[in-house]
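Please read the structure below before turning to the comments.
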Amino acid sequence: MLAGCPTPSLDDDDAVDDDDAVVDDDDAVDDDDAVDDDDAVDDDDAVDDDDAVDDDDSVAPSTTLTILSPSGGATLQVIETFSAQIDGDSPGLATFRLNGDVVHQGFFNVATGLATAEIDTGEFPDGNYTFEVEAPSWGLTDSVNVTLSNGDLLVYETVSLPYVYLATSPVAYPLEVVPSGVSLTHMVAPSPGTPFQGLAGYALNPNSDWAIGGAATSLYPINSAIAAPWAGVIPNHPEIPWVTGAYNLYPWADETADGFDFDVTPLVKRSFGPVEAGLVHVDFYFTPGVVLSASTAPGSSVFANFLDALEGLLLQADVALGDIGYFDVAGASFNNIGTYEELTDMFDQGVTSTDRVLNVFFVNGLSLPNSNPLGIASHIPGPALMSGTAQSGVALVDDYLQSNEPATAAAVTAHEMGHYLGLYHPSEVGGTPTDPLTDTVASCNASDCFETNLMDPYLNGNTSITADQSWVVLRHPLVELVPASALPARAMADAFDYGAGLPPGGIAGFCGTP
């Protein structure tokens, strides 16, 4: 039997060493190297809520800002409603701009997303503008192009106000007179069926002064009227500084009108430069029996000379004739006016319109109580944009047209038009002063009258007009402002004899009292 060598034994140190043999926790399968939560399937790398399906990115926000009014291309006048809407939550501030200038700031309504503003476009010169609304919290804007077209006369909404005689806190029409405003016209008319014996208006200015009111207490006293509508135009003289801003307008009537409603209509005349000159548009009315008619006057050489002479007078006030209209008045009762009721009824016959026109009526005779004038104006001043009312016009006897003395007829006409446009007599026959202007001279004393001015209370051939009188006329709303360069030459007045056909010493009391 062969004896073999002994088989080597298994020694823990040499045979299988945990550190060297097969499975070493550090080298074979290491949690950090084989399958590591951070490397194999990592929530941040494999399927990440922020990258794969993200609620914020998959549904884009839909916040929008839209201008609702005005619409693009709109033509705007006076007070307009500007509005926009945003559809986001908590929309914040709304900024309104015209051509980049901020005109209003407010907040969008949280519930509706709406932002609105009432903007008086009369504050801005006419022209094309970009209207923009911005929502700065969202970084959104919207814009439209609009046109502002107000001209020189801002016509505000007529508002009906309740009237309580001697009320301690009467209801007012609040009006913001724009900084470019050069005059304010306050007009008052009763509701249909309202009884009244006297009619007027009051105006409280931004300094809490009565700009229009009683003669002893107001800056610019204006008489009441016995027919409607009443009109007051301020300022009616340049001596007291004119202020713009917040006015309160009130109707006034006697106690018979207590409890009735009155319509208040304001007009603001504006100018962004010096007030230089104007045009007055005139409609001529011919009653039955006068020498001319609506069909014959346009072709009459006498009437053509009358128009030239009339414009020659007006040019002294830097006013020229504008458009001319011709109309006939039906009804023989208007041929000879014998009462103030007939006079106001005739003025009612004017074409009902809101045209910017002064109505001139020719009649055969004026035989009013206590006077037989050659002419009369409805009121000092007369209303504007209200043709076809009891106060809408001046009336003239056609004597000097019939006798082919058109310049004298023009002098009478210009005198009455001057009343309608706000001018008073420098003084009355007997010497009573009525004119607030300082550059006119009293034309009468207790015993005599003198030649001073077109507005003298008697007809004498003197047809001059002062600078202050021109200043007043140019502020009446019926005079459309134009540059001085738009007027014809002023030398025309020198070509006419405005006293032709007058008796020696003129005619006292030729002008009726409105």
Side-chain angles (χ1 to χ4, degrees), residues 78 153-177 181 183-205 209-215 217-236 246-269 340 343-344 347-348 350 352-354 356 358-359 377-393 419-422 424 475-478 514:
V78 196
L153 189 62
L154 308 179
V155 182
Y156 291 93
E157 180 184 8
T158 297
V159 173
S160 183
L161 301 179
Y163 177 69
V164 177
Y165 184 65
L166 298 181
T168 55
S169 299
V171 179
Y173 185 131
L175 179 73
E176 186 75 21
V177 176
S183 71
L184 164 63
T185 300
H186 177 16
M187 295 187 292
V188 177
S191 58
T194 300
F196 68 92
Q197 297 174 357
L199 184 65
Y202 283 72
L204 195 67
N205 75 7
D209 295 322
W210 287 110
I212 305 175
T217 59
S218 61
L219 302 178
Y220 310 105
I222 298 173
N223 292 334
S224 61
I226 59 173
W230 171 91
V233 181
I234 59 171
N236 62 8
Y247 278 75
N248 282 319
L249 309 180
Y250 304 87
W252 178 90
D254 62 282
E255 59 186 325
T256 61
D258 187 28
F260 287 85
D261 292 341
F262 285 82
D263 290 341
V264 173
T265 304
L267 311 172
V268 172
K269 198 168 187 179
Y340 286 107
L343 180 68
T344 57
F347 290 149
D348 266 328
T352 302
S353 76
T354 58
R356 199 173 181 180
L358 199 163
N359 295 333
S378 61
H379 190 251
I380 306 174
L385 314 186
M386 290 187 177
S387 290
T389 76
Q391 293 282 69
S392 300
H419 283 320
Y420 199 96
L421 298 175
Y424 294 85
R475 278 153 180 79
H476 193 280
L478 285 188

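Here the structure is a predicted model, which means the values were calculated and not measured.
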Is there a side-chain contact between K269 and T185 (heavy atoms, below 4.5 Å)?
no
By ring pair (Phe, Tyr, Trp, His ring centres under 6.0 Å), which residues pair with F196, not counting sequence neighbours?
none
Residue pair P477 / V233: nearest heavy atoms and the distance that separates them
CD-CG2, 4.0 Å
Show the nearest heavy-atom pair for residues V268 and G181, with the distance to one decimal.
CG1-CA, 4.0 Å
For T256, the side chain to side chain donor-acceptor pair (under 3.5 Å) test, sequence neighbours excluded, returns D254
Applying side chain to side chain donor-acceptor pair (under 3.5 Å) to D348 and not counting sequence neighbours gives none
Using 0.5 Å steps for rounding, measure from the CG atom of N205 to the OH atom of Y220.
8.0 Å
With sequence neighbours left out, which residue pairs that include part of residues 187-199 fulfil the side chain to side chain donor-acceptor pair (under 3.5 Å) condition?
S191-T194
Heavy atoms of A390 and F347 approach each other most closely as O-CD1, 3.4 Å
Check for a donor-acceptor pair, side chain of S353 on one end and backbone N or O of S387 on the other, with a separation under 3.5 Å.
no
Contacts under 3.5 angstrom, residues 153-162 side chains, donor-acceptor by atom type, not counting sequence neighbours:
unit_1 : atom_1 : unit_2 : atom_2 : d
Y156   : OH     : D120   : OD2    : 2.6
T158   : OG1    : T265   : OG1    : 2.7

Under 3.5 Å, is there a donor-acceptor pair between the side chain of D258 and the main chain of Y165?
yes
CD1 of I226 to NE2 of H379, rounded to nearest 0.5 Å, is 9.5 Å
Test of understanding: with ring pair (Phe, Tyr, Trp, His ring centres under 6.0 Å), list the residues that count as partners of F260, not counting sequence neighbours.
none
Classify the ring geometry of W210 against Y202: parallel below 30°, tilted from 30° to 60°, perpendicular beyond 60°.
perpendicular
Hits for side-chain contact (heavy atoms from CB on, under 4.5 Å) against A167, two or more places apart or cross-chain, chain-then-number order -> V164, P170
d(L385 CG, L478 CG) to nearest 0.5 Å is 6.5 Å
Would the distance check show the side chain of H186 and the main-chain N or O of Y250 forming a donor-acceptor pair, the cut-off being under 3.5 Å?
yes
Hey, what do you get for CG (N236) to CZ (R475), rounding to the nearest 0.5 Å?
11.5 Å
Rounded to the nearest 0.5 Å, what separation is found between the CD atom of Q391 and the CH2 atom of W230?
11.0 Å
Can a donor-acceptor pair be found, under 3.5 Å and without considering hydrogens, that links the side chain of Y163 to the backbone of P251?
no
I212 and L184: side-chain contact (heavy atoms from CB on, under 4.5 Å), yes or no, with the steps?
CA-CA 10 Å; I212 305 175; L184 164 63; 5.7 Å; no
Test of understanding: with ring pair (Phe, Tyr, Trp, His ring centres under 6.0 Å), list the residues that count as partners of Y424, not counting sequence neighbours.
none
In Å and rounded to the nearest 0.5 Å, what is the CG to NE2 distance from L267 to H476?
9.0 Å
Hits for ring pair (Phe, Tyr, Trp, His ring centres under 6.0 Å) against Y173, two or more places apart or cross-chain, chain-then-number order -> none
Can you name the closest pair of heavy atoms from L199 and P190 and give their distance?
CD2-CD, 4.0 Å
Could you pull out all residues at least two apart from A189 that satisfy side-chain contact (heavy atoms from CB on, under 4.5 Å)?
P229
Specify the closest pair of heavy atoms between A231 and M187, including all atoms of both residues, with the distance to one decimal.
CB-CG, 3.9 Å
Sub-4.5 Å side-chain heavy-atom contact between I222 and P381:
yes
Any donor-acceptor N/O pair, Y420 side chain to P383 backbone, under 3.5 Å:
yes
